[in-house]
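Here is how names work: the chains are called A, B, and so on, in the same order as the sequence lines, proteins then strands, and each is numbered from 1.
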Amino acid sequence: MPRAKLPFWCWLIRLIGVLVPRRLRADWRQEWEAELQWREQQLADWDQLDYQHKLALLWHSAGALADALWLQPRRWEDEMTQDLRFGVRMLLKQPGFALLAVLTLALGIGANTAIFSVVYSVLMRPLPYAAPEKLMALYSMYPERDVFRSVISAPDFHDWRAQNQTFESMAAYIGSNYALSGGELPERLVGLNVSPNFFQVLGVNPLLGRAFAPEEENDGRDRVAVLSYGLWQRRFGADPQLVGKSISLNGENYTVIGVMPQSFRFAPVELYRPLVFDAEDMADMARGSHYLQVIGRLKPDTTLTQAKTDLENLSRRIAQQHPVTNTGKYANVIPYQADSVGEIRPSLLVLLGAVVLVLLIACANVASLLLARAASRQREMAVRAALGAGRWRVVRQLLTESLLLSLLGAGLGLLLAYWGVGAIVRAVPSEIADYTPGWQQIGINSQALGFTLILSVLTGIVFGVAPALQLSRPDLTEALKEGGKSSAGRQRQRTRNALVVAEVALALMLLIGAGLLLKSYQQLQQVSLGFNHQHVFVANVALANTKYRDTPQQLNFFQEVLQKVENLPGVQSAALVNYAPFSSNADRVFTIAGRPEPAPDDIPDANYRVISPAYFRTLEIPLTHGRLFSEQDAATSLRVVIINEALARRYFPNEDPLGKQLKLGRYGEQNPLHTIIGVVGNVKDIGMEREFDPTFYYPFTQTSIRSGALLARTQGDPLLLTSPVRNAVLAVDPEQPLTRPRTLALAIADSVTQQRLNLILLGIFSGLALILAAIGIYGVMAYSVTQRTHEIGIRLALGAKRGDVLKLVVGQGMLLATLGISIGLVGAFFLTRLMETLLFGVTPTDPVTFGCIALLLLGIALCACWIPAQRATKIDPLAALRHE
Amino acid sequence: MGKGYLSFTMALILQALDNGYRYGFEVMQVTGLASGTVYPALRRLEDAFFIRSKWEKPGVAQAEQRPARKYYEVTKTGKAALVEARSRFRVLEQLTPPSELKPIDEAG
């Protein structure tokens, strides 16, 4: 039966069929057309093919639209599976290439994930307090003296709290320690004395019991304590009935009123007690005695700028009322989170920048590899194009292969990152770890995984897109020709050359960064400390103020202990000091007798040390002139003091300080005068990076000292003295604990741990970059030699010497390297300023470092070119001439 | 579609196929569902291996000068799923038993 024209519904089916994925289209159309045609035939047979039934048929055929839409996902599935399968086959065919690419990407992506994990946890994760962005750290600052984060005096704190208009609440806190007795061994606990509203300011509730009540800051009502979760578990077996019971601290009973949750880690302390101020703490003169830290919460609708202005005005008003103690002193407000990571933030940001550069180099390498492979795939691409594959389709295929590589690299990279993060966390000493919020939570968490996924997709696109676009360009006739160099091939070579230049430049920048850090670290190591830090044992002793109420008792205790320790076998000398080197510091203002009252912003100030006579001998600090303390400087004799050279130079520049007198405190204060009897050499005992500070030393017989550090110089390993010294202390007082036994050398090494860690990490990353860049150069040169075999063969046949060929190849490679190094030098010149805060004793544009690194890279590039160049010289001209 | 979970519409269509209405159009007529519902459902059932599709023998179609039609058969898995669905939708048990079936492509 001839059909004159196509049925009406056929057009609709054809139209809708355009939507159906190509692979399924034929079957789909046949199914629909068969059904509809059959129905139409049936109706025709029954003579019912009228207007209504025709409309019904049309309506049925419209249902094809829903069907076609339903099949859409298959289009992607099919083509994606096709692409994936093909991609996997291609990689398996060339396992060497795939392995190299995946490894390269794994290194780049893994390093990024590791650093990101650290950065996220430390810098980005919000603190576990209510509205953490409203929490502010407050400090006293003295802008004219360049001091911005100093501790706060009690009267100042109370005025700030009472008279500000921008803060909802403020709380003060200060470290303390307590001897916990009862049960087994007595134990020294590190605690925090806090304002009663401290926990409310942070917005944290105790796990058990309650926080402090406002009246508990009054003397007499303050015999309460809140425990940390760790202490509760460790010492009290997580007893759920502990709240309400009493514990013995410093020999007195305190009631436990609460326990903090496990996640609360404001500071590494185990105990919280109310901060009590007595009348003396609040007196006017006490405004000059600074020791508190303060945290505050802004009102919900106030900004940081408003708070700063408010406190600045408030500080001015206070200075007007109390000019002696408060001139030039202002309140400083810093967001709490930024403040607590301030030390470590620059390092982390520099490391983040470094790993991004490493990843870029890795991408360049893989892109270069892909371009090298491109030549062998040109025919495949041409055939695809001839068979009708659109350019976009081909690009998608190639991008799928790139994504496959980068996802595989990311998988391996995650493994590397996991180890890397573990190593970083372990390598950081507890001083940084305990005080950096978020440090405990560093790990490969879901944010790091998400980051890795996004990064690997971006990476795949970055290194895949250029080769994909290049390769998919239809250049059919040229490609299908046998052999010969196409213009596309030349362009690929140019691109690869450009990639190598970029790699070399980036690697140079990283290496210069590492070189600068290395030089910094060396400078730090060479800093002369002014004393001999080897073989010295240090431990802390803090006397309970309830047991040793007055000065003679304290003095007696220490003198007995020192005598016992000096008599221990192996101990050459022993001493006591209020602040051990590289632990803590206190400075005091002082007044020199016989001089007019100094201007308010020019008051003399020096580090304050209280020592036993053997201190200088124990640390081997030299005496410059005068004499040291001896038995004749007892409590009742002439009051004496020793100063260091820095103090002598600053305050007695043109006169002999011996015999002059000074006293603690300001001009008008009634403090005893001490006579200067000696001048000693300068020591750096706070930090390596600080200059020598003026320091004065008081004999412990003539002032009071309740807590300090015991030092003992020995010939062997200082840690062996731990037990003997502890026993010596217990022999004098069986309830007196000795805390933090350590060696001085270790304390000093710890103080530069952060620099060491920076150096190691940046060293690793720049080493990676160097290896990747060297591989990149080698790859390009090797390939170039292969491509130029024919040309080299001709040259050799025409009489060129092997040496000339060598020069040719090496020359090409070195040209690329030199170009890269030049660009890298310029880039480094601008970028190294960003790491200025990490450097010590070296400028960011130190020419020696720049020069040495450039030469190093030049040498490495030469080595990378050498092997391909050697191969080039060994080319047999006859074979080469036959080679296409 | 999870194994064994059949919606009522799916179960209805599967029941119709099991009852011998093997072509898409017949399922449409017998269930009263629209073509836009039936055909996607058929695809889903096929994805879940509850039914399989076959083309008519070419000879038959050629003789009548029309394209070969696609028909569907219920698989063993499909039959099991249908039994489970019948226990959930009791009304399915009461639909036309196969023995009294007359194929609708007989004229009349």
- Task: Under 4.5 Å heavy-atom distance to chain A, tell me which part of B/Ala41 shows up: side chain, backbone, both or neither.
- Result: neither
- Note on the structure: Output for pair (B/Phe25 CZ, A/Glu35 CD), nearest 0.5 Å, gives 7.5 Å
- Nearest non-hydrogen partners of A/Ala34 and B/Ala68, listed with the distance: CB-O, 3.4 Å
- Note on the structure: Bottom line for A/Leu69: the part with an atom under 4.5 Å from chain B's heavy atoms is neither
- Message: Nearest 0.5 angstrom please: B/Leu42 CG to A/Glu31 CD, how far?
- Response: 7.5 Å
- Query: Once you round to the nearest 0.5 Å, how far does CG of A/Leu36 lie from OG of B/Ser35?
  - Reply: 8.0 Å
- Measure distances from A/Arg29 to the heavy atoms of chain B and classify the residue's part below 4.5 Å as side chain, backbone, both or neither. neither
- Stepwise ring-ring contact (aromatic ring centres under 6.0 Å, His included) check, A/Trp70 with B/Tyr39: CA-CA 9 Å; A/Trp70 196 89; B/Tyr39 281 93; over 10 Å; no
- Query: Going through the checks in order, is the side chain to side chain contact (heavy atoms under 4.5 Å, CB included) test met by B/Gln65 and A/Gln41?
  - Reply: CA-CA 10 Å; B/Gln65 303 235 342; A/Gln41 184 68 44; over 6 Å; no
- Note on the structure: When rounded to the nearest 0.5 Å, the distance separating CZ of B/Arg69 from CD of A/Gln37 is 10.5 Å
- Task: Assert yes or no for the condition that the ring centre distance of A/Trp38 to B/Tyr23 is strictly below 6.0 Å.
- Result: no
- Message: If we define contacts as heavy-atom pairs under 4.5 Å, which of A/Leu65, A/Asp27, A/Asp45, A/Asp67 has the most with chain B?
- Response: A/Asp67
- Task: Assess whether atom OH of A/Tyr120 is packed by more than 12 heavy atoms of other residues, nucleotides or ligands within 6.0 Å.
- Result: yes
- At their closest point, which heavy atom of B/Gly36 faces which heavy atom of A/Ala66, and how far apart are they? O-CB, 3.7 Å
- In sequence, state the C-alpha distance, the side-chain angles, and the governing distance for B/Asp47 and A/Arg74, and then conclude on side chain to side chain contact (heavy atoms under 4.5 Å, CB included). CA-CA 12 Å; B/Asp47 278 350; A/Arg74 294 208 194 183; 2.8 Å; yes
- Rounded distance (nearest 0.5 Å) linking atom NZ of B/Lys70 with atom CD of A/Gln30: 9.0 Å
